[in-house]
Amino acid sequence: MKALLIHQHGGLEQIRFEEIEDPQIGSGQVRVKTRATSLNHLDLHILGGLPGRALALPHILGSDGAGLVDETGEGANRFSIGDRVMLNAVLSCGKCEFCLEGQHSLCVKLRLVGENSSGTHGEYFVVPEANLRKIPEPVSFEEAAAFSLVFQTAWRMLKTRAQIGSGDDVFIHGIGSGVSTAALRIVKLYGGRVFASSSSDEKLKLAQQAGADFCYNYTQTDVVKEVLDTTGKRGVDIVVDTVGNATWIQSMQLARKGGKIVTCGATSGPNPATDIRLIFWKQLEILGSTMSSQQEYQEVVDLLAEGKLKSVIDQTFPLSEGKKALQYLQEQKQFGKVVLVV
Ligand code: ZN
């Protein structure tokens, strides 16, 4: 099969679209004939090499995918050949205390498809059957491939960790990324107000069309002052910060007293300046989050099936042009997900 892979870590020049052996299936596994996959920032982190993590090379990138069941391994009997399926990339051990409590994203051996095992950006991918769900009927392969990783992440961040309430005010930094646009959809599902920032007027216009209530171009305006004016000096209930270095202090200034800051990433760097006085004086809660449990994943897939949540797709590229698509992602030009079609 053809796949998007790397033989060594580095920059985009390391991305190859090459012929490689078809993946073989083992017991409990399913082989999926890929119809669509989507890019995540994780792809770029893995391309660059994660510290202390040795990867078997060559490595196929990709942690989101959708397609047709092509073959089922021994003991894998939940799906029939030809079923339309979508992937949940979380690989948990199923045996540790956290897995037994249903907290799969806390698994002591947490792994991800595409990070610790071969990924989805190929004509086929092989995963345990427990990681697949049937794609709800009206949902396309592209929408399904754009959905799983970012919506399960944003769902756990907002619902489980920050315990979003009906009508909450939520600030989202750097609107346009997959997780931030998924977060926007979830806040609107809860009837909350979305405050969004970006350096791009074009992205802010799209955010407004997607339901954002207040949009700020941080290169032209004092975001903290504006938000405090809008909220009568109160601040917002929840700040979604996936940016890190560039926004962390602002996040603490934007949150109301007793408010929450929830993070699942740090695209501008992981070591921001902080201000402990703001944390104790405002009694802030700083919450980390990653991926989701199987239950949380099922909840977002159910909401997708009911039409209450919908993927945000920026544009699609053919799998063969994956390198170009990754460059587009690296330049942060997108609003929503970048999808590869096979
Ligand atoms: Zn476990």
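In listed order, ligands and their atoms are each counted from 1. No experiment lies behind these values; they were computed from the predicted model shown. Reckoned from all heavy atoms, side chains included, excluding hydrogens, waters and symmetry mates.
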To the nearest 10 degrees, calculate the angle at the Zn ion (ligand 1) involving SG of C99 and SG of C93.
120°

Where the Zn ion (ligand 1) is the corner point, what angle links SG of C107 with SG of C96, to 10°?
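It rounds to 120°.
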
With a cut-off of 2.8 Å, does any N, O or S atom of H104 fall short of it relative to the Zn ion (ligand 1)?
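No, since none of the N, O or S atoms of H104 sits under 2.8 Å from the Zn ion (ligand 1).
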
Is it true that K33 and D22 have a side-chain N and a carboxylate O under 4.0 angstrom from each other?
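Here K33 does not pair with D22 in a salt bridge, since their nearest N and O are not under 4.0 Å apart.
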
Considering only NZ, NE, NH1 and NH2 on the basic side and carboxylate oxygens on the acidic side, decide whether D169 and R256 come within less than 4.0 Å.
no

Taking atom types as modelled, is there a side-chain donor on E331 or Q327 under 3.5 Å from an acceptor on the other?
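Yes.
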
Please round to the nearest 0.5 Å and tell me the distance separating atom OH of Y190 and atom NZ of K159.
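Between Y190 OH and K159 NZ, I get 5.5 Å after rounding to 0.5 Å.
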
